[in-house]
Amino acid sequence: MNPKDINIDPKLLSPYNPAETEARIYKIWEDSGFFNPDVCIEKGVTNADAKPFTIIMPPPNANGRLHAGHGLVMTLQDIMTRYHRMKGEKALWVPGADHAGFETQIVYERKLEKEGRSRFDMSPEDLYKEIYNFTIESKQFMEADVRRIGASCDWSREKFTLDPTVVKTVQQTFDKMFKDDLIYRGDRIVNWCAKHQTSLSDLETEFKEKADKFYYFEYGPFTIGTARPETKFGDKYVVMHPDDKRYAQYRHGDKFTAEWINGPIEATIIKDDSIDMEFGTGVMTITPWHSNVDFDIAIKHNLDKEQIIDFKGKLLPIAGEFEGQHISKARALIVEKLDKKGLLVKVDEAYKHNVKVCYKCETVIEPQIKDQWFVKMAPLAKRALEVVEAGKIKFYPSNYEKIFKYWMENTIDWNISRQIIWGIPIPAKICEKCKKGYSDLEDTLTTCECGGNLKKDTDTFDTWFSSGQWTLLALGYPDLKDVNIYHPTSVMETGADLIFKWIPRMVIFALYLKDEIAFKDVYLNGMVNDEKNQKMSKSKGNVISPVELIDVYGADALRMALVVGNTPGTDLALSKDKIKGYKNFANKIWNITRFVLSNPEPINNEINDTDKKLIEEFDLLIADYTKDIEEYRLYMAAEKIYHYVWHRFADEILEESKLVEDANAKSSRQNTLLYILENFIKALHPFMPFLTEELWSIILRSDKQLLLVSAWPKK
RNA sequence: GCGCGAUUAGCUCAGUUGGUAGAGCAACCCGUUUACACCGGGAAGGUCGCAGGUUCGAGUCCUGCAUCGCGCACCA
């Protein structure tokens with residue numbers, strides 16, 4: 001039928017065209033100012049004494065576009081925010097952008113590499129400036145993507161993780177923790193990436209299976225096994241298990257002389273029960289400077305530690321004739337020399353083991369002992385554990401509480417120093433003589449208590465040190481204007497992989513700085529995978545960008561596809577067929593509206609008993625649906641309303657109403673259809689905001705306000 | 001090695017305090033009658049991983065096993 005034949009709004013051309021609608025609607029919302037709860041109060045759509053509802057957006061990296069996972073995160077948070085806003089609460093969703101320290105620097109380094117440049121040839125200031133400009137530029141693309149999804153966040157409050165006030169506050173936190181004896185300077189073994197020239201936390205490394213040769217060498221009276229002969233120059237301890245009968249004749253502390261790579265050395269026998277008797281010969285020599293396990297043994301027995309490999313991966317003078325060689329080349333030469341000396345016993349050609357690599361470039365991590373800043377985790381973790389055990393923070397799904405607790409019960413001190421430019425500088429001074437570290441916010445200290453010269457620490461903070469304070473920082477802390485109203489935040493919604501990287505740190509810092517929980521609820525979403533449920537990755541070429549999907553199917557359809565059937569904590573297989581299904585749904589609603597509006601106007605306000613039952617049925621559904629949203633069962637709420645609208649309202653109620661002939665009954669039914677239509681459009685708004693706002697502007701209604709700030713349907 | 005999760009229709013997954021199995025998609029048959037073919041109607045499809053246990057009653061609770069996935073740790 002020609003749409004012109006229908007006596008309704010000419011805007012209602014079929015089919016629904018999301019591409020034409022969405023940008024226009026978003027602009028209307030943004031111009032209205034209603035994403036900002038202050039404006040809502042000012043204009044009288046929200047009561048000044050209404051309950052606050054706060055979500056802090058996990059700031060997307062400012063260095064690129066959004067990926068499908070962001071699409072899910074933005075959708076979930078937008079649904080929650082829109083729902084609470086319509087309920088009349090002071091709903092605040094604070095957007096952000098993350099400088100993403102290490103990540104951004106890597107992105108930028110790749111760019112430099114392509115241009116044939118290197119950060120090591122640039123002054124730190126120039127590099128910082130370039131990355132800053134790059135990030136500010138990229139940030140706009142990220143923000144545009146967030147808008148495309150329909151996020152109703154308060155852009156006027158957007159925070160960037162390198163805003164000057166943020167930097168200042170983070171540095172103050174460091175100073176406070178230093179004074180509270182929660183931060184110390186420590187000589188500890190760190191994960192060193194020789195390519196990126198920085199230390200990494202355990203969470204920034206991965207294990208990769210590698211096949212290497214495994215060598216057996218004669219070492220005095222013993223045969224030792226190793227996969228890394230190049231570290232062995234300084235080895236002067238042999239370690240074996242105290243219960244190993246094969247070596248019962250040797251005693252702890254005994255010394256002997258062994259012929260070794262560059263001549264004879266004196267070695268000492270150490271007995272330690274951390275040795276695996278089954279592995280190799282049950283005897284090993286240790287290199288405490290370049291191995292975590294060896295380091296622990298050395299600390300336990302108070303053994304000497306010596307650096308063999310420099311921070312670029314080259315051998316130090318201790319290597320004698322091999323000095324200056326890169327370890328990758330030196331290994332074979334060292335083996336050859338030992339072989340010539342008759343010390344090579346045998347070689348296992350295919351030894352498989354897991355090697356720690358940099359999670360970004362897969363360079364093999366070289367453990368190094370380095371002077372770094374560490375946070376004492378135990379006392380902080382204890383408090384975080386207490387509030388969770390007291391039930392003050394709830395997890396969705398609930399089993400993540402276990403993971404949180406496990407993590408808090410097994411903390412190790414946190415290395416917060418990073419040797420990168422792109423981050424918040426650590427406001428500290430280090431003594432050139434005795435290496436003692438001081439916090440120095442005002443940059444005034446010059447001399448150490450030992451008389452040595454104090455030098456500025458050139459390191460920056462691990463990003464999670466500032467991100468951990470984000471619930472407060474995003475609200476303007478230490479300015480308490482917003483903090484007093486909106487903190488603790490209502491819900492922290494983020495990817496389940498952040499259960500240990502981020503969630504505990506936010507809990508810890510909010511307790512430490514403000515003596516408050518950071519959030520009442522934690523909602524953890526799973527990964528968004530491709531339609532075969534495989535992880536999206538650039539190398540597989542199966543990455544789908546949310547914006548491309550929006551271009552084809554519309555934002556509302558994508559949002560529904562991301563939410564329906566997606567329980568918290570579980571990964572989602574996102575298929576185009578699924579999104580297409582919800583594009584059809586959008587069109588269905590469009591046509592339902594066309595149909596209802598094309599019916600004759602009711603002759604009065606009467607509703608008969610038959611129709612009252614339909615209204616009752618609908619109201620019950622909405623009550624149930626509301627409860628589902630309230631309790632974070634968004635996957636179920638969305639499915640229920642979908643089912644009602646399509647298969648109950650359209651397929652049955654509308655079809656049946658076509659058969660009603662009596663004038664009074666017809667009028668009663670039309671009143672009923674209008675009531676249900678108006679209210680399901682309201683109820684569906686958090687899930688499908690663009691379509692519903694557009695329809696709201698077309699249908700007859702009592703309330704002329706934007707749907708964005710209309711009252712939630714209630715019985 | 002330690003921990004977590006999953007196992008339900010061909011596929012993707014729901015199933016909220018235990019009460020005779022649900023949705024979407026796909027496949028099948030039929031159908032253009034006042035919105036919508038981006039549609040409607042209909043039918044089909046499951047010993048709810050396996051084995052025990054608790055119970056009047058178990059997809060749901062308990063124990064064990066198997067398979068898959070994920071996380072953490074890790075061998076010189």
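When reading the values below, keep in mind they use all heavy atoms of this one structure, side chains included, and skip hydrogens, waters and symmetry mates. In what follows, chains carry the letters A, B, and so on, assigned in the order in which the sequence lines appear, proteins first and then strands, with residues in each chain numbered from 1.
Distance CG (A:Asp497) to P (B:G5): 18 Å, rounded to an integer number of Å. Taking atom CE on A:Met560 and atom P on B:A23, their separation rounds to 17 Å, with Å as the unit. As rounded to whole Å, 13 Å separates atom C1' of B:C38 from atom CD1 of A:Ile592. In this structure, CD1 of A:Ile681 is placed 14 Å from C1' of B:A35, rounded to the nearest angstrom. The distance between atom CD1 of A:Ile403 and atom P of B:C4, rounded to the nearest whole Å, is 9 Å. In this entry the distance linking CG of A:Asp272 with P of B:A76 reads 16 Å, nearest Å. We find that CD of A:Glu409 is positioned 17 Å from P of B:A73, with the value rounded to whole Å. Remark: C1' of B:C74 and NZ of A:Lys210 are 16 Å apart, rounded to the nearest angstrom.
Taking every side-chain heavy atom of A:Asn591 into account, B:A35 is the closest of B:C4, B:A35, B:C25. Of the candidates B:G24, B:C72, B:A76, B:G24 carries the atom nearest the A:Tyr642 side chain, counting heavy atoms from C-beta on. Candidate nucleotides B:A35, B:A73, B:A76 were compared by shortest atom distance to the side chain of A:Lys232, and B:A76 ranks first.
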Side-chain polar contacts of residues 293-301 of chain A - donor-acceptor pairs under 3.5 angstrom, sequence neighbours left out - could you list them?
| residue | atom | partner | partner atom | Å |
| --- | --- | --- | --- | --- |
| A:Asp294 | OD1 | A:Ser291 | OG | 3.3 |
| A:Asp294 | OD2 | A:Thr287 | N | 2.7 |
| A:Lys300 | NZ | A:Asp272 | OD1 | 3.4 |
| A:Lys300 | NZ | A:Asp272 | OD2 | 3.1 |
| A:His301 | NE2 | A:Asp272 | OD2 | 2.7 |

Which side-chain N or O atoms in residues 493-507 of chain A pair as donor and acceptor under 3.5 Å with protein atoms at least two apart or in another chain?
| residue | atom | partner | partner atom | Å |
| --- | --- | --- | --- | --- |
| A:Glu493 | OE1 | A:Gln77 | NE2 | 2.9 |
| A:Trp502 | NE1 | A:Ser467 | O | 2.9 |
| A:Arg505 | NH1 | A:Lys501 | O | 3.1 |

Quick one: side chains of residues 569-579 of chain A, donor-acceptor pairs under 3.5 Å with protein atoms, not counting sequence neighbours, listed by atom name and distance.
| residue | atom | partner | partner atom | Å |
| --- | --- | --- | --- | --- |
| A:Thr570 | OG1 | A:Thr567 | OG1 | 3.1 |
| A:Asp571 | OD1 | A:Met527 | N | 2.9 |
| A:Ser575 | OG | A:Lys578 | N | 3.2 |
| A:Lys578 | NZ | A:Ala561 | O | 3.1 |
| A:Lys578 | NZ | A:Val564 | O | 2.8 |

Using atom types as modelled, flag every donor-acceptor pair under 3.5 Å from a side chain in residues 649-658 of chain A to any protein atom, sequence neighbours excluded.
| residue | atom | partner | partner atom | Å |
| --- | --- | --- | --- | --- |
| A:Asp651 | OD2 | A:His647 | ND1 | 3.0 |
| A:Glu652 | OE1 | A:Arg648 | NH1 | 2.6 |
| A:Glu655 | OE1 | A:Lys658 | NZ | 3.2 |
| A:Glu655 | OE2 | A:Lys658 | NZ | 3.0 |
| A:Glu656 | OE2 | A:Arg669 | NH2 | 3.2 |
| A:Ser657 | OG | A:Ile653 | O | 3.4 |
| A:Ser657 | OG | A:Leu654 | O | 2.7 |

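Listed by first residue number, the stems of RNA chain B with at least three Watson-Crick or G-U pairs below 3.5 Å are B:1-7 with B:66-72, B:10-13 with B:22-25, B:28-31 with B:39-42, B:49-53 with B:61-65.
A:Gly282 comes within contact range of at least one nucleobase, with a heavy-atom separation under 4.0 Å. Nucleic acid contact for A:Arg228: none, since no nucleic acid atom lies under 4.0 Å from a heavy atom of the residue. Residue contacts for A:Tyr351: at a heavy-atom cut-off of 4.0 Å it reaches the sugar-phosphate backbone alone, with no base atom in range. Counting non-hydrogen atoms under 4.0 angstrom, A:Asn354 reaches a base of the nucleic acid. Nucleic acid contact class of A:Phe279 (heavy atoms, under 4.0 Å, all strands): base.
Remark: A:Lys402 is in phosphate contact with B:G5, judged by side-chain N or O atoms under 4.0 Å from OP1 or OP2. The phosphate of B:A76 has OP1 or OP2 within less than 4.0 Å of a side-chain N or O from A:His353.
Looking at heavy atoms from C-beta onward, A:Glu218 lies out of side-chain contact with A:Ile224 at the 4.5 angstrom threshold. A 4.5 Å side-chain heavy-atom check between A:Glu349 and A:Phe214 finds every atom pair outside the cut-off.
Using a 4.0 Å cut-off between charged nitrogen and carboxylate oxygen, A:Glu401 and A:Lys405 count as a salt-bridge pair.
A 6.0 Å sphere centred on NZ of A:Lys580 holds no more than 12 heavy atoms belonging to other residues, nucleotides or ligands. The neighbour count for A:Glu20 CD, taken as heavy atoms of other residues, nucleotides or ligands under 6.0 Å away, is above 12.
Closest-nucleotide positions on RNA chain B for A:Pro15 and A:Leu659 were compared, and the one nearer the 5' end corresponds to A:Leu659. Of the residues near RNA chain B, A:Tyr582 and A:Asp624, the one whose nearest nucleotide (by heavy atom distance) lies more toward the 5' end is A:Asp624.
Judged by atom type and distance alone, A:Lys658 reaches the base of B:A35 through a side-chain donor-acceptor pair under 3.5 Å.
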Which pairs, protein N/O on one side and nucleotides 59-62 of chain B N/O on the other, fall under 3.5 Å?
none

Contact list (N/O, under 3.5 angstrom) for nucleotides 8-14 of chain B vs protein:
| residue | atom | partner | partner atom | Å |
| --- | --- | --- | --- | --- |
| B:C13 | OP1 | A:Asn533 | ND2 | 3.1 |
| B:C13 | O2' | A:Gly565 | O | 3.3 |
| B:A14 | OP1 | A:Thr567 | OG1 | 2.6 |

Enumerate all atom pairs, one protein N or O and one N or O from nucleotides 39-41 of chain B, separated by less than 3.5 Å.
| residue | atom | partner | partner atom | Å |
| --- | --- | --- | --- | --- |
| B:C39 | OP1 | A:Asn584 | ND2 | 3.4 |
| B:C39 | O3' | A:Lys588 | NZ | 3.2 |
| B:G40 | OP1 | A:Lys588 | NZ | 3.4 |
| B:G40 | OP1 | A:Trp646 | NE1 | 2.2 |
| B:G40 | OP1 | A:Asp651 | OD1 | 3.2 |

For nucleotides 27-29 of chain B, list the nitrogen or oxygen atoms of the protein found under 3.5 Å from its nitrogen or oxygen atoms, one pair per line.
none

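To the nearest whole angstrom, the two C1' atoms, one in B:C39 and one in B:G71, are 46 Å apart.
Classification of the A:Trp590-A:Tyr16 ring pair by plane angle, with boundaries at 30° and 60°, yields tilted.
Cation-pi geometry between A:Arg188 and A:Phe374 is met: under 6.0 angstrom from the ring centre, within 45 degrees of the axis.
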Requested in this report: Go through the steps to decide whether A:Tyr675 and A:Asp619 satisfy the test side-chain hydrogen bond (donor to acceptor under 3.5 Å, both in side chains), and finish with yes or no.
Outcome: CA-CA 10 Å; A:Tyr675 172 85; A:Asp619 288 343; 2.8 Å; yes

Query raised in the report: Where do A:Asp628 and A:Tyr625 land on the side chain to side chain contact (heavy atoms under 4.5 Å, CB included) test, with the steps shown first?
Result: CA-CA 5 Å; A:Asp628 282 337; A:Tyr625 170 80; 5.5 Å; no

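Counted by atom type alone, A:Trp260 and A:Asp235 present zero donor-acceptor pairs between their side chains at under 3.5 Å.
A:Lys627 meets the side-chain hydrogen bond (donor to acceptor under 3.5 Å, both in side chains) test with no other residue; sequence neighbours excluded. Partners of A:Trp192 according to the side-chain hydrogen bond (donor to acceptor under 3.5 Å, both in side chains) rule, which considers only residues two or more places apart in sequence or in another chain, do not exist here. Partners of A:Glu206 under the salt bridge (Lys or Arg N to Asp or Glu O under 4.0 Å) rule, at least two apart in sequence or in another chain, do not exist in this structure.
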